[in-house]
Amino acid sequence: WRTKPYEQFPNSVIFSKFSHFWIPDDIDCTALSYFTHSREEVLALQRYLKEYVVKADKLYNGKSYEFCGYSTWLGEKMSLEVDVCVLSNYLFLLSTKDVELNEVETLVVSFLEKMIIDSVWLSSPFKVSPNYQKSHLICWHLSRISNLLNPQVKSKLISDLRIMVKSADSFEEKIFVCLLYTSDAAD
């Protein structure tokens with residue numbers, strides 16, 4: 001739908017009249033669409049997102065993790081949703097466009113590193129990634145930003161990947177894990 005002027009549900013007599021029904025933007029689709037934009041536009045996005053920084057304590061497996069970063073949803077009155085895959089997509093965009101991480105994004109990387117160190121992404125995939133929900137998909141997303149990770153954390157991720165190679169159940173899982181494992185062996 002068009003955003004200038006703002007026209008969500010342009011063909012609906014009811015939904016188009018009330019802002020209550022408008023769908024909020026999310027950082028996942030925004031990041032993925034910005035891969036087609038210039039570096040300058042990505043820098044503008046980075047500056048724009050500063051107004052959406054949230055701080056919260058997230059509880060995973062009985063342990064509290066301090067989070068400072070971006071929620072999945074950027075709309076007004078939206079509940080906080082932290083998704084490691086969504087955050088990884090945004091960080092991958094910045095990495096691909098050679099954009100330096102700001103303080104908030106550095107904190108996001110630290111949060112993701114804690115998820116890897118404590119293997120939360122393996123033990124609670126639905127909680128850490130409500131939109132992707134499966135460990136092999138989370139691993140794929142995290143592997144794309146491995147250049148941003150501390151070397152010890154990257155080693156832990158690779159070690160977890162080796163375990164996943166042995167325990168992959170479905171055909172989809174085996175394909176993802178084997179592709180990741182093959183690319184890891186090439187590094």
Side-chain angles (χ1 to χ4, degrees), residues 1-10 19 22-58 60 65-117 120-121 127-133 137-158 176 179-180 183-184 186-187:
W1 48 76
R2 210 166 47 183
T3 56
K4 290 183 183 178
Y6 198 72
E7 286 186 6
Q8 281 204 5
F9 307 109
S19 63
W22 290 354
I23 300 170
D25 288 331
D26 67 276
I27 198 166
D28 200 25
C29 292
T30 301
L32 294 174
S33 69
Y34 266 75
F35 277 101
T36 62
H37 292 242
S38 69
R39 182 177 185 277
E40 290 70 31
E41 290 171 308
V42 173
L43 286 165
L45 171 66
Q46 184 184 44
R47 287 189 298 274
Y48 172 75
L49 287 176
K50 284 183 182 179
E51 71 181 75
Y52 291 101
V53 174
V54 293
K55 294 181 181 182
D57 287 326
K58 298 297 293 175
Y60 300 117
Y65 294 88
E66 191 176 305
F67 175 76
C68 179
Y70 310 108
S71 176
T72 299
W73 302 102
L74 302 175
E76 293 179 26
K77 302 177 187 171
M78 295 300 296
S79 61
L80 172 67
E81 181 183 276
V82 177
D83 188 312
V84 298
C85 293
V86 170
L87 294 168
S88 296
N89 279 338
Y90 175 66
L91 292 171
F92 185 59
L93 167 69
L94 298 179
S95 177
T96 302
K97 298 290 185 175
D98 273 337
V99 174
E100 188 176 330
L101 301 183
N102 63 28
E103 182 181 350
V104 173
E105 292 145 2
T106 303
L107 290 171
V108 169
V109 171
S110 296
F111 176 79
L112 295 176
E113 288 179 334
K114 290 173 190 167
M115 297 295 103
I116 295 167
I117 290 167
V120 179
W121 67 275
K127 286 186 177 183
V128 299
S129 184
N131 296 295
Y132 291 86
Q133 305 175 359
L137 295 176
I138 296 170
C139 187
W140 180 75
H141 280 86
L142 291 172
S143 70
R144 295 187 317 152
I145 59 159
S146 63
N147 62 316
L148 302 175
L149 300 174
N150 174 309
Q152 290 86 3
V153 177
K154 184 177 179 179
S155 294
K156 170 76 166 94
L157 183 63
I158 292 169
F176 268 88
L179 286 173
L180 286 171
S183 67
D184 165 49
D187 289 343

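Just the heavy atoms: all of them, side chains too, but no hydrogens, waters or symmetry mates, feed the values below.
Exactly one residue among Val82, Val53, Leu87 makes a side-chain contact (heavy atoms from CB on, under 4.5 Å) with Val108. That residue is Leu87.
Counting heavy atoms from C-beta outward, Val86 and Trp73 have side chains that stay 4.5 Å or more apart. When side chains are defined from C-beta on, Val120 counts as touching Tyr65, because their heavy atoms get closer than 4.5 Å. Residues Lys154 and Ile116 form no side-chain contact, since every pair of their non-hydrogen atoms from C-beta on lies 4.5 Å or further apart. No side-chain heavy atom of Asn89 sits under 4.5 Å from any side-chain heavy atom of Phe35. Residues Val104 and Tyr70 form a side-chain contact, since some pair of their non-hydrogen atoms from C-beta on lies under 4.5 Å apart. With contacts defined as side-chain heavy-atom distances shorter than 4.5 Å, the pair Leu112/Val109 does not qualify.
Using modelled atom types, one side-chain atom of Lys97 and one backbone atom of His37 make a donor-acceptor pair closer than 3.5 Å. The backbone N or O of Leu142 sits nowhere less than 3.5 Å from a side-chain atom of Ser146 that would complete a donor-acceptor pair. Between the side chain of Gln46 and the backbone N or O of Glu100, at least one donor-acceptor pair lies under 3.5 Å. Within the 3.5 Å criterion, the main-chain N or O of Leu149 finds no donor-acceptor partner in the side chain of Glu113. For the pair Arg39 (side chain) and Asp98 (backbone), a donor-acceptor distance under 3.5 Å is present.
Within 6.0 Å of CD on Glu66 lie no more than 12 heavy atoms contributed by other residues, nucleotides or ligands. Annotation: Glu51, atom CD; neighbour count of heavy atoms from other residues, nucleotides and ligands within 6.0 Å is above 12.
Checked against side-chain contact (heavy atoms from CB on, under 4.5 Å), Ser33 has no partners two or more places apart in sequence or in another chain. Residues passing the side-chain contact (heavy atoms from CB on, under 4.5 Å) test with Asn147 are Ser95, sequence neighbours excluded. Partners of Cys29 according to the side-chain contact (heavy atoms from CB on, under 4.5 Å) rule, which considers only residues two or more places apart in sequence or in another chain, are Asp26.
Atom-to-atom distance recorded for Asp57:CG and Cys68:SG is 11.5 Å, nearest 0.5 angstrom. Between Leu93 atom CG and Tyr34 atom OH the span is 9.5 Å, to the nearest 0.5 Å. From Glu41, atom CD reaches atom OG1 of Thr36 across 8.0 Å, with rounding to the nearest 0.5 Å. The structure places OG1 of Thr96 at 11.0 Å from CD1 of Ile145, a figure rounded to the nearest 0.5 Å. Of the inter-residue distances, the one linking Glu81 atom CD with Lys58 atom NZ reads 8.5 Å to the nearest 0.5 angstrom. Note that the OG1 atom of Thr30 and the CG atom of Leu49 stand 7.5 Å from one another [nearest 0.5 Å].
Between Phe111 and Tyr60, the ring-plane angle classifies as tilted under the 30° and 60° cut-offs.
The heavy-atom pair separating Val54 from Ser71 by the smallest distance is CG2-N, 3.9 Å. Here the closest non-hydrogen pair linking Trp121 and Cys139 is CZ3-CB, 3.5 Å.
Between the side chains of Tyr132 and Asp28, a donor-acceptor pair is found at a separation under 3.5 Å.
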Chi angles and distances behind the side-chain hydrogen bond (donor to acceptor under 3.5 Å, both in side chains) call for Thr72, Asp83
CA-CA 7 Å; Thr72 299; Asp83 188 312; 5.0 Å; no
